[in-house]
Amino acid sequence: MAIAVVSFNTRDLLRRALESLQGPANEVWVVDNGSDDGSREMVAADFPSVRLIAAEENLGFGRAVNLVAARTSAPWIAPANADIALEPGALERLVATGAAHPGAGAVAPRLILPGGGTQHSVHSFPTIPFTLAFNLGLGRVPGLGDRLCLEGRWDPNRSRDVPWAIGAFLLVRRTAFDAVGAFDERQWLYAEDLDLGWRLARGGWTTRYEPRARVGHDAGAATRAAFG
């Protein structure tokens with residue numbers, strides 16, 4: 001498994017993420033997008049087993065992950081933000097779920113917010129039928145809001161196929177990633193996960209949500225560090 005952590009001026013968050021990713025079976029990469037906060041020096045000094053790509057500019061998320069994918073033949077690629085921290089056993093659970101569901105192009109964990117709540121991290125595609133159903137209030141129909149993955153109406157405790165999941169941390173099957181053409185590098189930041197999920201679905205792959213795999217997510221911390 002190749003884990004691609006994308007970081008920009010997130011040294012302390014990055015340290016926490018890397019500490020949670022240490023393991024003999026993990027091939028961990030960091031793509032540093034031109035940080036000036038000592039991130040790359042910290043990685044080189046404190047995490048010698050981590051493979052560092054020190055970019056001279058901010059490549060964005062998808063392009064950075066694609067750099068890692070081009071440098072490894074691992075059967076699973078895990079794009080990751082720097083503001084995540086895996087709970088024990090999360091990776092093993094994601095891999096086991098992927099093995100049990102060979103049609104899953106991606107497996108998404110339960111994202112845990114700093115206060116302990118579950119982040120709403122799975123969504124329907126923004127299609128015209130979905131927009132009509134949402135605006136007509138059909139999400140209040142018992143069971144339909146859960147099927148549509150609507151915030152406040154979906155059941156985060158149930159493992160299932162979902163249309164797409166946000167990319168703070170994902171496990172992506174290499175054959176599926178290659179088949180759909182990797183991340184679209186025209187998507188510099190945001191919506192690259194939606195776009196990948198859409199292309200996986202069009203290619204006949206599913207995205208599997210696995211709530212037993214828990215990943216802490218300080219949602220928005222990485223972008224706050226980058227943009228204020």
Side-chain angles (χ1 to χ4, degrees), residues 1-7 10 12-31 42-43 46-51 61 65 68-69 72-123 146 149 154-177 193 196-197 200 205-222:
M1 177 193 309
I3 304 168
V5 184
V6 182
S7 180
T10 53
D12 294 339
L13 292 168
L14 178 60
R15 176 185 294 278
R16 184 188 66 171
L18 294 178
E19 288 173 348
S20 78
L21 292 169
Q22 296 304 296
N26 300 343
E27 179 185 324
V28 182
W29 295 72
V30 168
V31 182
M42 180 272 293
V43 173
D46 297 343
F47 298 93
S49 65
V50 171
R51 308 179 192 198
F61 187 80
V65 174
V68 173
T72 179
S73 59
W76 294 99
I77 299 169
N81 287 355
D83 56 6
I84 57 94
L86 274 68
E87 295 188 6
L91 275 179
E92 292 81 0
R93 175 61 66 182
L94 290 172
V95 172
T97 299
H101 298 272
V107 186
R110 180 198 295 254
L111 298 180
I112 305 299
L113 295 169
T118 297
Q119 182 177 355
H120 183 226
S121 60
V122 302
H123 301 272
D146 183 47
C149 299
W154 73 299
D155 179 4
N157 300 310
R158 182 164 64 87
S159 179
R160 66 179 118 170
D161 291 342
V162 296
W164 69 281
I166 68 172
F169 191 90
L170 285 175
L171 188 66
V172 185
R173 195 182 302 272
R174 180 58 186 254
T175 50
F177 190 77
D193 42 12
L196 180 67
L200 285 172
W205 299 93
T206 62
T207 293
R208 187 76 182 176
Y209 170 69
E210 178 47 76
R212 293 172 294 178
R214 294 166 57 94
V215 175
H217 184 214
D218 193 348

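Contact check for V31 versus V65: no side-chain heavy atoms found under the 4.5 Å cut-off. Looking at heavy atoms from C-beta onward, R160 lies out of side-chain contact with V122 at the 4.5 angstrom threshold. Between D83 and T10, every side-chain heavy-atom pair lies at or beyond the 4.5 Å cut-off. Considering only heavy atoms from C-beta on, T207 stays 4.5 Å or farther from D161 through its side chain. Looking at L91 and I3, their side chains come closer than 4.5 Å, going by heavy atoms from C-beta outward.
From S7, atom OG reaches atom CG of L13 across 8.0 Å, with rounding to the nearest 0.5 Å. Distance check: E92 CD to M1 CE gives 7.5 Å after rounding to the nearest 0.5 Å. Rounded to the nearest 0.5 Å, atoms OG (S159) and CZ (R93) are 9.0 Å apart. In this structure, CG in L86 is found 12.0 Å from CZ in R214, a value given to the nearest 0.5 Å.
Heavy-atom minimum distance, A108 versus L94: C-CD2, 4.0 Å. For the pair P211 and N157, the tightest heavy-atom approach, listed with the atom from each and the gap, is CG-O, 3.6 Å. A17 approaches A82 most closely through the heavy-atom pair CB-O, 3.6 Å. Contact between F61 and A80 at its shortest, heavy atoms only, is CE1-O, 3.7 Å. Scanning all heavy atoms of the two residues, the minimum distance from S49 to Q22 falls at OG-OE1, 3.8 Å. Considering every non-hydrogen atom in both Y209 and R158, the closest pair reads CD2-O, 3.4 Å.
Residues forming a side chain to side chain donor-acceptor pair (under 3.5 Å) with D12 (at least two apart in sequence, or on another chain): none. Take D46 and apply the side chain to side chain donor-acceptor pair (under 3.5 Å) test, not counting sequence neighbours, and it matches R15.
No donor-acceptor distance shorter than 3.5 angstrom exists from the side chain of R208 to the backbone of G98, with no hydrogens or angles considered. Looking only at distances, a side-chain donor or acceptor of R174 sits under 3.5 Å from a matching main-chain atom of T72.
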Intermediate values then yes/no, side-chain contact (heavy atoms from CB on, under 4.5 Å), V68 and I77: CA-CA 9 Å; V68 173; I77 299 169; 5.6 Å; no
Below 3.5 Å, can you tabulate the donor-acceptor pairs from side chains in residues 163-172 to any protein atom, sequence neighbours excluded?
residue	atom	partner	partner atom	Å
W164	NE1	S124	O	3.1

